[in-house]
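Here's the structure we're looking at; comments come further down.
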Amino acid sequence: MDFKLELMLRPVSDVDRAKAFYTEKAGFNLDVDHRAGDDFRVVQLTPPGSACSLTVGKGITDAAPGSVRGTHLVVSDIEAARAALVGRGVEVSEIRYMESGHWKTGADPQHRDYNSFADFSGPDGNTWILQERPGK
C-alpha cells in the first residue's frame, strides 16, 4: 500500500498576497482558486515538477499564519534554483553546505545528495529550505 503526500496546508493572513507570492515569485503553478462563501476559500498551488501541492486559504486551518517552518523543496541544481527565485524577487539566503560538522559557504563542491541548502520565507514567515539532490 502506498502512502503519498499530496497536499500541505500553509496558514496565511492574506490569501491574495500569498497567492501572488507563490505564483509570481516562487514560480508555483496555480491549480485551484475556489470560494464557497465569505468564510471559505481554497487556493492550491504546486511547485514545478512536484507531486505534492500547497494550499493556502480561508477557513482551512486554525494554525497561526507563519507557523509552518522548514519545509524542504528538493532541487537538482541549487545554484540555478536560487538564482531563479532571486530573479523573481524572492529574498533567499546564501547557499551553504555541511563539511566535517561545520557549515561552509557555497554549494557542496562535490554536489553530494542532500548537502547544499538555502532558505526563504513566504510573506507570512512560513519558511522553506531548498535542498540539492543533483541526481533527482
Side-chain angles (χ1 to χ4, degrees):
M1 170 168 299
D2 292 338
F3 288 79
K4 296 181 180 181
L5 180 63
E6 294 191 5
L7 186 67
M8 298 176 65
L9 301 180
R10 247 335 147 259
V12 300
S13 61
D14 183 324
V15 178
D16 289 320
R17 181 179 69 166
K19 176 184 170 184
F21 173 83
Y22 287 111
T23 57
E24 297 168 16
K25 292 190 175 185
F28 289 19
N29 299 309
L30 175 64
D31 303 320
V32 173
D33 187 345
H34 173 73
R35 294 174 199 257
D38 293 336
D39 296 323
F40 186 81
R41 182 176 177 194
V42 172
V43 177
Q44 183 174 319
L45 309 125
T46 304
S50 181
C52 185
S53 298
L54 161 72
T55 293
V56 299
K58 185 175 183 181
I60 61 170
T61 180
D62 60 0
S67 63
V68 177
R69 317 292 292 167
T71 302
H72 284 59
L73 286 173
V74 176
V75 297
S76 60
D77 182 334
I78 197 161
E79 292 160 315
R82 182 183 183 281
L85 289 168
V86 168
R88 290 192 296 265
V90 178
E91 290 184 28
V92 184
S93 73
E94 294 299 320
I95 299 170
R96 67 192 180 285
Y97 70 99
M98 182 68 70
E99 185 173 292
S100 302
H102 300 284
W103 288 109
K104 305 282 184 174
T105 301
D108 179 351
Q110 297 176 36
H111 294 280
R112 292 171 285 198
D113 285 349
Y114 307 112
N115 198 42
S116 294
F117 307 87
D119 310 277
F120 69 96
S121 299
D124 282 291
N126 295 303
T127 64
W128 297 85
I129 300 171
L130 297 176
Q131 186 176 34
E132 185 177 62
R133 182 175 180 213
K136 185 76 174 150

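His111 contributes atom NE2, which lies 7.5 Å from atom CG of Asp77 (distance to the nearest 0.5 angstrom). To the nearest 0.5 Å, atoms CZ (Arg69) and CD1 (Ile129) are separated by 9.5 Å. Between the NZ atom of Lys104 and the OH atom of Tyr97 there is a distance of 6.0 Å, given to the nearest 0.5 Å. Rounding to the nearest 0.5 Å gives a distance of 4.0 Å between CG of Leu5 and SG of Cys52. One distance of note links CD1 of Ile78 with CD of Gln131; it measures 8.0 Å at 0.5 Å rounding. Interatomic distance, CE of Met98 versus CH2 of Trp103, reported as 4.0 Å (0.5 Å rounding).
Looking at Thr46, its side chain never comes within 3.5 Å of a backbone N or O of Asn29 through a donor-acceptor pair. Proximity of a side-chain donor or acceptor of Arg88 to a complementary backbone N or O of Ala26 within less than 3.5 Å is detected. Side-chain atoms of Ser93 come within 3.5 Å of backbone N or O of Asp119 as a donor-acceptor pair.
Here the closest heavy-atom approach between residue Gln44 and residue Ser53 is recorded as NE2-OG, 3.4 Å. The nearest pair of heavy atoms linking Pro11 to Ser67 is CG-OG, 3.6 Å.
You'll find the side chain of Leu30 stays beyond 4.5 Å of the side chain of Tyr22, heavy atoms only. At a threshold of 4.5 Å between non-hydrogen side-chain atoms, the residues Asp14 and Pro123 do not count as touching. A heavy-atom distance below 4.5 Å is not found between the side chains of Glu132 and Asn115. For the pair Glu94/Arg82, a side-chain contact is recorded, criterion being any heavy-atom separation below 4.5 Å from C-beta on. Using a 4.5 Å heavy-atom threshold, the side chains of Val56 and Leu45 count as touching. Between Arg112 and Glu99 there is a side-chain heavy-atom pair separated by less than 4.5 Å. No side-chain heavy atom of Ser50 sits under 4.5 Å from any side-chain heavy atom of Phe28. Proximity of Leu73 to Phe120: side-chain heavy atoms (C-beta onward) are separated by under 4.5 Å at one or more points.
Both Leu130 and Trp128 sit in one connected hydrophobic cluster of ILVMFWY residues. Membership requires side-chain heavy atoms under 4.5 Å apart, directly or through other members. A continuous path of hydrophobic side-chain contacts links Leu85 to Ile95 [ILVMFWY only; heavy atoms under 4.5 Å]. The hydrophobic clustering, which links ILVMFWY residues whose side-chain heavy atoms are closer than 4.5 Å, places Val86 and Val90 together.
No option in Thr71, Asn126, Asp124 other than Thr71 meets the side chain to side chain donor-acceptor pair (under 3.5 Å) test with Arg10. If you run side-chain contact (heavy atoms from CB on, under 4.5 Å) between Val15 and each of Val43, Ile60, Val42, only Val43 comes through.
The pair Lys58-Asp16 does not count as a salt bridge, with every side-chain nitrogen at least 4.0 angstrom from each carboxylate oxygen.
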